[in-house]
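Here is the structure we will look at, set down as C-alpha coordinates.
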There are 2 protein chains.
Amino acid sequence: MTRATPAEDACTNALPTAALGGPVSHAVSRVARLHRIAAGKVLKGVDLYPGQELLMMHLWDRGAVRQTELIKAMELDPSTVTKMLQRLEQTGHVRRRPDPADRRAVLVEATDESCALHTAVEAAWGSLEEHTLAGLDPAERTELVRLLAKVEENLCRETEDCPDRRRAASG
Amino acid sequence: MTRATPAEDACTNALPTAALGGPVSHAVSRVARLHRIAAGKVLKGVDLYPGQELLMMHLWDRGAVRQTELIKAMELDPSTVTKMLQRLEQTGHVRRRPDPADRRAVLVEATDESCALHTAVEAAWGSLEEHTLAGLDPAERTELVRLLAKVEENLCRETEDCPDRRRAASG
DNA sequence: AACTTTACCTTGGTCGGCCAATGAATGAGT
DNA sequence: ACTCATTCATTGGCCGACCAAGGTAAAGTT
(Lines give C-alpha, C1' and ligand atoms only; values in the text may rest on other atoms or scores of the structure.)
Protein backbone atom coordinates (compact mmCIF):
# COMPACT_ATOMS: atom_id res chain seq x y z
CA MET A 1 0.00 0.00 0.00
CA THR A 2 1.97 2.87 1.27
CA ARG A 3 5.29 1.22 0.79
CA ALA A 4 5.81 -0.81 -2.32
CA THR A 5 9.54 -1.18 -2.62
CA PRO A 6 11.22 -2.50 0.47
CA ALA A 7 14.71 -2.39 -0.89
CA GLU A 8 14.99 1.21 -1.86
CA ASP A 9 13.57 3.85 0.36
CA ALA A 10 15.63 6.86 1.16
CA CYS A 11 12.86 8.86 2.67
CA THR A 12 14.42 11.06 5.23
CA ASN A 13 11.64 11.65 7.68
CA ALA A 14 12.15 13.10 11.06
CA LEU A 15 9.28 11.01 12.33
CA PRO A 16 10.17 7.38 12.77
CA THR A 17 8.38 5.02 10.50
CA ALA A 18 7.01 3.31 13.52
CA ALA A 19 5.22 6.43 14.58
CA LEU A 20 3.49 6.60 11.25
CA GLY A 21 2.59 2.98 11.04
CA GLY A 22 1.39 2.72 14.61
CA PRO A 23 1.18 5.91 16.54
CA VAL A 24 -0.56 4.42 19.53
CA SER A 25 1.67 1.38 19.69
CA HIS A 26 4.63 3.64 19.54
CA ALA A 27 3.27 5.94 22.19
CA VAL A 28 2.43 3.05 24.46
CA SER A 29 5.97 1.74 24.30
CA ARG A 30 7.46 5.09 25.01
CA VAL A 31 5.11 6.02 27.76
CA ALA A 32 5.57 2.66 29.38
CA ARG A 33 9.31 2.98 29.35
CA LEU A 34 9.29 6.48 30.74
CA HIS A 35 6.74 5.54 33.30
CA ARG A 36 8.84 2.65 34.44
CA ILE A 37 11.85 4.86 34.79
CA ALA A 38 9.85 7.37 36.74
CA ALA A 39 8.56 4.60 38.97
CA GLY A 40 12.08 3.42 39.51
CA LYS A 41 13.14 6.82 40.72
CA VAL A 42 10.24 7.19 43.06
CA LEU A 43 10.73 3.70 44.40
CA LYS A 44 14.41 4.08 44.96
CA GLY A 45 13.67 5.71 48.26
CA VAL A 46 11.89 2.60 49.49
CA ASP A 47 14.40 0.10 48.21
CA LEU A 48 12.12 -1.46 45.66
CA TYR A 49 12.37 -2.01 41.95
CA PRO A 50 9.56 -1.23 39.56
CA GLY A 51 7.15 -4.09 39.55
CA GLN A 52 7.93 -5.20 43.03
CA GLU A 53 5.77 -2.49 44.51
CA LEU A 54 2.69 -4.00 42.94
CA LEU A 55 3.45 -7.31 44.47
CA MET A 56 4.06 -5.76 47.85
CA MET A 57 0.85 -3.83 47.65
CA HIS A 58 -1.00 -7.00 47.07
CA LEU A 59 0.66 -8.56 50.03
CA TRP A 60 -0.08 -5.62 52.26
CA ASP A 61 -3.61 -5.67 51.08
CA ARG A 62 -4.35 -9.32 51.41
CA GLY A 63 -1.96 -10.62 54.00
CA ALA A 64 -0.51 -14.10 53.64
CA VAL A 65 -1.37 -15.58 50.30
CA ARG A 66 -0.27 -18.38 48.09
CA GLN A 67 1.90 -17.66 45.13
CA THR A 68 -0.85 -18.76 42.84
CA GLU A 69 -2.91 -15.98 44.29
CA LEU A 70 -0.26 -13.50 43.41
CA ILE A 71 0.21 -14.95 39.99
CA LYS A 72 -3.44 -14.72 39.19
CA ALA A 73 -3.88 -11.32 40.73
CA MET A 74 -0.97 -9.76 38.96
CA GLU A 75 -1.43 -11.84 35.85
CA LEU A 76 2.22 -12.60 35.58
CA ASP A 77 4.12 -15.67 34.64
CA PRO A 78 4.67 -18.05 37.55
CA SER A 79 8.37 -18.02 37.03
CA THR A 80 8.40 -14.26 37.14
CA VAL A 81 6.72 -14.26 40.50
CA THR A 82 9.01 -16.93 41.83
CA LYS A 83 12.06 -14.94 40.98
CA MET A 84 10.65 -11.70 42.24
CA LEU A 85 9.85 -13.36 45.52
CA GLN A 86 13.30 -14.83 45.78
CA ARG A 87 14.81 -11.39 45.52
CA LEU A 88 12.20 -9.83 47.70
CA GLU A 89 12.89 -12.44 50.30
CA GLN A 90 16.57 -11.81 50.09
CA THR A 91 16.05 -8.11 50.64
CA GLY A 92 13.87 -8.86 53.62
CA HIS A 93 10.63 -7.54 52.26
CA VAL A 94 8.89 -10.84 52.11
CA ARG A 95 8.75 -14.09 53.96
CA ARG A 96 7.81 -17.47 52.57
CA ARG A 97 6.69 -20.57 54.39
CA PRO A 98 5.20 -23.82 53.23
CA ASP A 99 1.45 -24.01 53.31
CA PRO A 100 0.47 -26.57 55.95
CA ALA A 101 -2.75 -27.30 54.11
CA ASP A 102 -1.10 -27.95 50.81
CA ARG A 103 2.37 -29.27 50.74
CA ARG A 104 3.08 -28.14 47.25
CA ALA A 105 2.03 -24.56 47.92
CA VAL A 106 3.91 -21.72 49.50
CA LEU A 107 2.51 -18.98 51.64
CA VAL A 108 3.89 -15.53 51.14
CA GLU A 109 3.54 -12.55 53.37
CA ALA A 110 5.07 -9.16 53.83
CA THR A 111 7.53 -8.77 56.63
CA ASP A 112 6.95 -6.25 59.36
CA GLU A 113 9.77 -4.11 58.12
CA SER A 114 8.19 -3.97 54.72
CA CYS A 115 4.95 -2.86 56.28
CA ALA A 116 6.71 0.26 57.34
CA LEU A 117 7.12 1.04 53.67
CA HIS A 118 3.46 0.64 52.96
CA THR A 119 2.63 4.28 53.41
CA ALA A 120 5.71 5.47 51.61
CA VAL A 121 4.98 3.28 48.62
CA GLU A 122 1.45 4.49 48.34
CA ALA A 123 2.64 8.02 48.61
CA ALA A 124 5.18 7.31 45.92
CA TRP A 125 2.50 5.93 43.67
CA GLY A 126 0.31 8.88 44.34
CA SER A 127 3.06 11.22 43.39
CA LEU A 128 3.89 9.18 40.33
CA GLU A 129 0.29 9.27 39.27
CA GLU A 130 0.04 12.97 39.78
CA HIS A 131 3.19 13.49 37.85
CA THR A 132 2.00 11.31 35.03
CA LEU A 133 -1.24 13.22 34.79
CA ALA A 134 0.05 16.69 35.32
CA GLY A 135 -1.75 19.16 33.17
CA LEU A 136 -4.69 16.89 32.48
CA ASP A 137 -8.00 18.04 33.79
CA PRO A 138 -10.36 15.59 35.44
CA ALA A 139 -12.30 14.97 32.27
CA GLU A 140 -9.15 14.10 30.40
CA ARG A 141 -8.03 11.80 33.14
CA THR A 142 -11.29 9.97 33.13
CA GLU A 143 -11.18 9.69 29.40
CA LEU A 144 -7.65 8.38 29.45
CA VAL A 145 -8.57 5.71 31.96
CA ARG A 146 -11.54 4.75 29.87
CA LEU A 147 -9.57 4.51 26.67
CA LEU A 148 -6.78 2.58 28.28
CA ALA A 149 -9.30 0.16 29.66
CA LYS A 150 -10.70 -0.36 26.20
CA VAL A 151 -7.25 -0.94 24.80
CA GLU A 152 -6.49 -3.34 27.59
CA GLU A 153 -9.63 -5.22 26.79
CA ASN A 154 -8.61 -5.49 23.18
CA LEU A 155 -5.17 -6.73 23.94
CA CYS A 156 -6.45 -9.04 26.60
CA ARG A 157 -8.71 -10.68 24.14
CA GLU A 158 -5.94 -11.64 21.78
CA THR A 159 -3.54 -12.57 24.49
CA GLU A 160 -6.11 -14.75 26.18
CA ASP A 161 -4.06 -14.23 29.23
CA CYS A 162 -6.71 -12.92 31.53
CA PRO A 163 -9.60 -15.28 31.04
CA ASP A 164 -10.91 -15.60 34.59
CA ARG A 165 -10.70 -12.01 35.54
CA ARG A 166 -14.42 -11.48 35.70
CA ARG A 167 -15.01 -14.31 38.12
CA ALA A 168 -12.48 -13.91 40.85
CA ALA A 169 -14.02 -15.84 43.69
CA SER A 170 -17.22 -17.50 42.75
CA GLY A 171 -18.53 -20.11 45.11
CA MET B 1 -11.66 -26.12 52.05
CA THR B 2 -9.64 -23.56 53.81
CA ARG B 3 -10.77 -21.16 51.22
CA ALA B 4 -10.38 -17.66 52.53
CA THR B 5 -11.99 -15.20 54.77
CA PRO B 6 -15.54 -14.38 53.76
CA ALA B 7 -14.73 -10.72 53.91
CA GLU B 8 -12.38 -11.11 51.04
CA ASP B 9 -14.96 -12.82 48.98
CA ALA B 10 -17.16 -9.83 49.48
CA CYS B 11 -14.87 -7.50 47.63
CA THR B 12 -14.52 -10.00 44.92
CA ASN B 13 -13.22 -8.17 41.96
CA ALA B 14 -10.16 -7.62 44.00
CA LEU B 15 -9.39 -4.15 42.90
CA PRO B 16 -5.76 -3.90 43.81
CA THR B 17 -4.73 -1.08 46.03
CA ALA B 18 -2.52 0.05 43.23
CA ALA B 19 -5.51 0.60 41.01
CA LEU B 20 -7.03 2.88 43.57
CA GLY B 21 -3.89 4.80 44.33
CA GLY B 22 -2.89 5.18 40.71
CA PRO B 23 -5.37 4.01 38.14
CA VAL B 24 -3.50 5.40 35.18
CA SER B 25 -0.14 4.14 36.33
CA HIS B 26 -1.66 0.78 36.83
CA ALA B 27 -3.35 0.83 33.46
CA VAL B 28 -0.18 1.90 31.73
CA SER B 29 1.75 -1.00 33.18
CA ARG B 30 -0.89 -3.48 32.22
CA VAL B 31 -1.46 -2.16 28.77
CA ALA B 32 2.25 -2.00 28.13
CA ARG B 33 2.70 -5.58 29.16
CA LEU B 34 -0.16 -6.84 27.07
CA HIS B 35 0.91 -4.75 24.17
CA ARG B 36 4.38 -6.16 24.35
CA ILE B 37 3.07 -9.66 24.39
CA ALA B 38 0.85 -8.93 21.43
CA ALA B 39 3.81 -7.42 19.62
CA GLY B 40 5.81 -10.53 20.38
CA LYS B 41 3.20 -12.70 18.77
CA VAL B 42 2.93 -10.58 15.69
CA LEU B 43 6.68 -10.37 15.35
CA LYS B 44 7.25 -14.03 15.77
CA GLY B 45 6.53 -14.49 12.12
CA VAL B 46 9.40 -12.24 11.17
CA ASP B 47 11.89 -13.62 13.63
CA LEU B 48 12.13 -10.48 15.73
CA TYR B 49 11.62 -9.77 19.39
CA PRO B 50 9.62 -6.83 20.64
CA GLY B 51 11.81 -3.79 20.63
CA GLN B 52 13.99 -4.99 17.84
CA GLU B 53 11.47 -4.01 15.26
CA LEU B 54 11.79 -0.37 16.18
CA LEU B 55 15.48 -0.53 15.72
CA MET B 56 15.14 -2.24 12.39
CA MET B 57 12.60 0.28 11.26
CA HIS B 58 15.04 3.00 11.98
CA LEU B 59 17.69 1.23 10.03
CA TRP B 60 15.42 0.64 7.10
CA ASP B 61 14.43 4.20 7.25
CA ARG B 62 17.80 5.82 7.54
CA GLY B 63 20.25 3.39 6.07
CA ALA B 64 23.70 3.04 7.59
CA VAL B 65 23.95 4.98 10.82
CA ARG B 66 26.17 5.15 13.82
CA GLN B 67 25.05 3.59 17.02
CA THR B 68 24.88 6.96 18.62
CA GLU B 69 22.30 7.83 16.07
CA LEU B 70 20.21 4.87 17.06
CA ILE B 71 20.69 5.55 20.72
CA LYS B 72 19.52 9.11 20.39
CA ALA B 73 16.70 8.29 18.07
CA MET B 74 15.30 5.52 20.17
CA GLU B 75 16.27 7.17 23.40
CA LEU B 76 17.62 3.99 24.84
CA ASP B 77 20.59 3.24 26.94
CA PRO B 78 23.79 2.71 24.92
CA SER B 79 24.33 -0.67 26.44
CA THR B 80 20.84 -1.70 25.48
CA VAL B 81 21.48 -0.86 21.88
CA THR B 82 24.83 -2.58 21.89
CA LYS B 83 23.33 -5.80 23.09
CA MET B 84 20.39 -5.61 20.79
CA LEU B 85 22.72 -5.12 17.89
CA GLN B 86 24.86 -8.03 18.91
CA ARG B 87 21.88 -10.30 18.82
CA LEU B 88 20.53 -8.74 15.70
CA GLU B 89 23.88 -9.25 14.07
CA GLN B 90 23.96 -12.84 15.16
CA THR B 91 20.56 -13.46 13.67
CA GLY B 92 21.67 -11.87 10.44
CA HIS B 93 19.39 -8.88 10.51
CA VAL B 94 22.09 -6.32 10.89
CA ARG B 95 25.64 -5.72 9.86
CA ARG B 96 28.23 -3.62 11.63
CA ARG B 97 31.40 -2.17 10.31
CA PRO B 98 33.85 0.33 11.72
CA ASP B 99 33.30 3.90 10.68
CA PRO B 100 36.25 4.92 8.51
CA ALA B 101 35.81 8.53 9.52
CA ASP B 102 35.82 7.84 13.23
CA ARG B 103 37.71 4.90 14.53
CA ARG B 104 35.76 4.66 17.73
CA ALA B 105 32.41 4.62 16.02
CA VAL B 106 30.54 1.78 14.38
CA LEU B 107 28.29 1.93 11.40
CA VAL B 108 25.18 -0.16 11.48
CA GLU B 109 22.97 -1.12 8.63
CA ALA B 110 20.23 -3.56 7.87
CA THR B 111 21.18 -6.57 5.84
CA ASP B 112 19.48 -7.30 2.57
CA GLU B 113 17.72 -10.25 4.06
CA SER B 114 16.29 -8.07 6.74
CA CYS B 115 15.01 -5.67 4.13
CA ALA B 116 12.79 -8.43 2.94
CA LEU B 117 11.09 -8.24 6.30
CA HIS B 118 10.49 -4.56 6.02
CA THR B 119 7.06 -4.88 4.55
CA ALA B 120 6.08 -7.70 6.83
CA VAL B 121 7.11 -5.77 9.90
CA GLU B 122 5.15 -2.75 8.90
CA ALA B 123 2.19 -4.92 8.19
CA ALA B 124 2.61 -6.52 11.58
CA TRP B 125 2.68 -3.15 13.24
CA GLY B 126 -0.35 -2.08 11.34
CA SER B 127 -2.23 -5.11 12.44
CA LEU B 128 -1.04 -4.66 16.00
CA GLU B 129 -2.17 -1.08 15.94
CA GLU B 130 -5.51 -2.01 14.57
CA HIS B 131 -5.92 -4.70 17.15
CA THR B 132 -4.97 -2.34 19.91
CA LEU B 133 -7.50 0.20 18.79
CA ALA B 134 -10.31 -2.12 17.88
CA GLY B 135 -13.61 -0.66 18.84
CA LEU B 136 -12.34 2.87 19.14
CA ASP B 137 -13.75 5.36 16.71
CA PRO B 138 -11.50 7.89 15.04
CA ALA B 139 -12.23 10.57 17.60
CA GLU B 140 -11.27 8.27 20.43
CA ARG B 141 -8.09 7.27 18.70
CA THR B 142 -7.08 10.83 18.19
CA GLU B 143 -7.87 11.65 21.75
CA LEU B 144 -5.86 8.70 23.01
CA VAL B 145 -2.87 9.76 21.00
CA ARG B 146 -3.20 13.26 22.31
CA LEU B 147 -3.47 12.19 25.92
CA LEU B 148 -0.60 9.77 25.65
CA ALA B 149 1.50 12.50 24.16
CA LYS B 150 0.71 14.72 27.09
CA VAL B 151 1.60 11.97 29.52
CA GLU B 152 4.81 11.31 27.65
CA GLU B 153 5.66 14.95 27.92
CA ASN B 154 5.09 14.88 31.63
CA LEU B 155 7.20 11.83 32.18
CA CYS B 156 9.84 13.09 29.83
CA ARG B 157 10.16 16.21 31.86
CA GLU B 158 10.94 14.44 35.06
CA THR B 159 13.14 11.87 33.47
CA GLU B 160 15.10 14.52 31.67
CA ASP B 161 15.92 11.77 29.29
CA CYS B 162 14.84 13.42 26.10
CA PRO B 163 16.22 16.90 26.30
CA ASP B 164 17.66 17.37 22.82
CA ARG B 165 14.85 15.87 20.90
CA ARG B 166 14.12 19.05 19.02
CA ARG B 167 17.40 18.96 17.15
CA ALA B 168 17.40 15.44 15.86
CA ALA B 169 19.25 15.51 12.57
CA SER B 170 21.32 18.55 11.97
CA GLY B 171 23.99 18.44 9.31
C1' DA C 1 -6.02 -48.84 45.65
C1' DA C 2 -3.73 -47.66 41.35
C1' DC C 3 -3.54 -44.73 37.61
C1' DT C 4 -3.99 -40.27 35.39
C1' DT C 5 -4.65 -35.62 35.27
C1' DT C 6 -4.22 -31.32 37.12
C1' DA C 7 -2.25 -27.76 40.07
C1' DC C 8 1.89 -25.47 42.39
C1' DC C 9 6.28 -23.97 42.18
C1' DT C 10 11.11 -24.08 40.60
C1' DT C 11 14.95 -24.00 37.34
C1' DG C 12 17.31 -22.61 33.16
C1' DG C 13 17.35 -20.08 29.25
C1' DT C 14 16.37 -15.80 26.48
C1' DC C 15 15.35 -10.82 25.70
C1' DG C 16 14.68 -5.86 26.59
C1' DG C 17 16.07 -2.47 29.66
C1' DC C 18 18.81 0.05 33.26
C1' DC C 19 23.20 1.61 35.77
C1' DA C 20 28.15 1.74 36.66
C1' DA C 21 32.56 1.29 35.12
C1' DT C 22 35.98 0.62 31.49
C1' DG C 23 38.81 1.19 27.19
C1' DA C 24 39.76 3.59 22.96
C1' DA C 25 39.74 7.52 19.99
C1' DT C 26 38.59 12.24 19.08
C1' DG C 27 38.51 17.10 20.34
C1' DA C 28 39.40 21.12 23.04
C1' DG C 29 42.50 23.91 26.11
C1' DT C 30 46.87 25.41 27.50
C1' DA D 1 52.65 19.22 21.39
C1' DC D 2 50.88 17.65 25.54
C1' DT D 3 47.44 17.37 28.68
C1' DC D 4 42.37 16.99 29.81
C1' DA D 5 37.69 16.36 28.81
C1' DT D 6 34.24 14.43 25.80
C1' DT D 7 32.37 11.09 22.97
C1' DC D 8 31.68 6.18 21.27
C1' DA D 9 31.06 1.74 22.30
C1' DT D 10 31.53 -2.37 25.19
C1' DT D 11 31.33 -5.23 29.30
C1' DG D 12 29.31 -6.99 33.56
C1' DG D 13 25.81 -6.91 36.75
C1' DC D 14 21.11 -6.52 37.87
C1' DC D 15 15.88 -6.70 37.37
C1' DG D 16 11.33 -7.67 35.16
C1' DA D 17 9.27 -10.65 32.00
C1' DC D 18 8.55 -14.56 28.87
C1' DC D 19 8.72 -19.65 27.54
C1' DA D 20 9.79 -24.49 28.10
C1' DA D 21 10.58 -28.22 30.95
C1' DG D 22 10.74 -30.52 35.18
C1' DG D 23 9.51 -32.39 39.99
C1' DT D 24 6.32 -32.84 43.61
C1' DA D 25 1.86 -33.15 45.57
C1' DA D 26 -2.97 -32.99 45.42
C1' DA D 27 -7.40 -34.13 43.04
C1' DG D 28 -10.11 -36.95 39.81
C1' DT D 29 -10.96 -41.48 37.41
C1' DT D 30 -11.27 -46.22 36.92
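Naming: A, B, ... by sequence-line order, numbering from 1 per chain. Values in this document were obtained by computation on a predicted structure and should not be read as measured data.
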Query raised in the report: Is the base of C:dC9 touched by the side chain of A:Ser79 through a donor-acceptor pair closer than 3.5 angstrom?
Result: no
Query raised in the report: Using a cut-off of 4.0 Å on non-hydrogen atoms, how would the nucleic acid contact of A:Thr68 be classed: base, sugar-phosphate, or nothing?
Result: sugar-phosphate
Query raised in the report: Within the structure shown, what part of the strands sits under 4.0 Å from B:Asp99 by heavy-atom distance: base, sugar-phosphate, or nothing?
Result: nothing
Requested in this report: Look at the side-chain heavy atoms of Ile, Leu, Val, Met, Phe, Trp and Tyr, link any pair under 4.5 Å apart, and say whether A:Leu70 and A:Trp60 land in one connected group.
Outcome: yes
Query raised in the report: Checking A:Lys150 side chain against B:Leu136 main chain: does a donor-acceptor pair fall under 3.5 Å?
Result: no
Report task. Find the distance B:Ile71:CD1 to C:dG16:P and express it as a whole number of Å. Result -> 15 Å
Query raised in the report: Think B:Gln86 has a side-chain N or O under 4.0 angstrom from the OP1 or OP2 of D:dA9?
Result: no
**Report entry** Side-chain N or O of A:Gln67 closer than 4.0 Å to phosphate OP1/OP2 of C:dA7
**Finding:** no
Report summary line: Between B:Pro78 and B:Lys83, the residue closer to the 5' end of DNA chain D by nearest nucleotide is B:Pro78
Query - Sugar-phosphate, base or nothing in reach of B:Thr80, heavy atoms under 4.0 Å - result: base
Report task. Examine B:Val65 and B:Met56 and state if one hydrophobic cluster contains both, with Ile, Leu, Val, Met, Phe, Trp and Tyr joined whenever side-chain heavy atoms are less than 4.5 Å apart. Result -> yes
Report task. Send over the distance from A:Tyr49 OH to C:dC19 C1', rounded to a whole Å. Result -> 9 Å
Report task. Using a strict 4.0 Å threshold on nitrogen-to-oxygen distance, state whether B:Glu130 and B:Arg141 make a salt bridge. Result -> yes
Query - B:Met84 CE to C:dT14 P, straight-line distance once rounded to whole Å - result: 17 Å
Query raised in the report: Under 4.0 Å: is that the gap between some side-chain N or O of A:Arg36 and OP1 or OP2 of D:dA17?
Result: yes
Query raised in the report: At under 4.0 Å, does any side-chain N or O of A:Arg103 touch on OP1 or OP2 of D:dA26?
Result: yes
Query raised in the report: Which nucleotide in the list D:dA17, C:dT11, D:dA9 gets nearest to the side chain of B:Val106?
Result: D:dA9
Query raised in the report: Expressed in angstrom and rounded to an integer, what is the separation of B:Leu85 atom CG from C:dC15 atom P?
Result: 14 Å
Query raised in the report: Where the side chain of B:Asp77 is concerned, which of C:dG16, C:dC19, D:dT10 is the nearest nucleotide?
Result: C:dC19
Query raised in the report: Rounded to whole angstroms, how far apart are CG on A:Leu55 and P on D:dC15?
Result: 15 Å
Query - First of A:Lys44 and B:Gln52 reached from the 5' end of DNA chain C, by closest nucleotide - result: B:Gln52
Query raised in the report: Please give, in whole Å, the distance from C:dG16 C1' to A:Ile37 CD1?
Result: 12 Å
Query raised in the report: What nucleotide among D:dA25, D:dC15, C:dT11 has an atom nearest to a side-chain atom of A:Arg87?
Result: D:dC15
Query raised in the report: With distance as the sole test, does B:Gln52 use its side chain to make a donor-acceptor pair with the main-chain N or O of B:Tyr49 at under 3.5 Å?
Result: yes
Query raised in the report: Is a donor-acceptor contact shorter than 3.5 angstrom present between the side chain of B:Arg104 and the base of D:dT7?
Result: yes
**Report entry** Given C:dC8, D:dA9, C:dG17, the nucleotide with the shortest approach to the side chain of B:Ala105
**Finding:** D:dA9
Requested in this report: Between C:dC9, D:dG16, D:dA26, spot the one nearest the side chain of A:Arg96, thanks.
Outcome: C:dC9
Query - Check: B:Glu129 side chain, A:Ser25 main-chain N or O, donor-acceptor pair, under 3.5 Å - result: yes
Query raised in the report: A:Lys72 NZ to C:dT6 P: how many Å, rounded?
Result: 15 Å
Report summary line: Atom CZ of A:Arg66 and atom C1' of C:dT10 are separated, to the nearest Å, by 17 Å
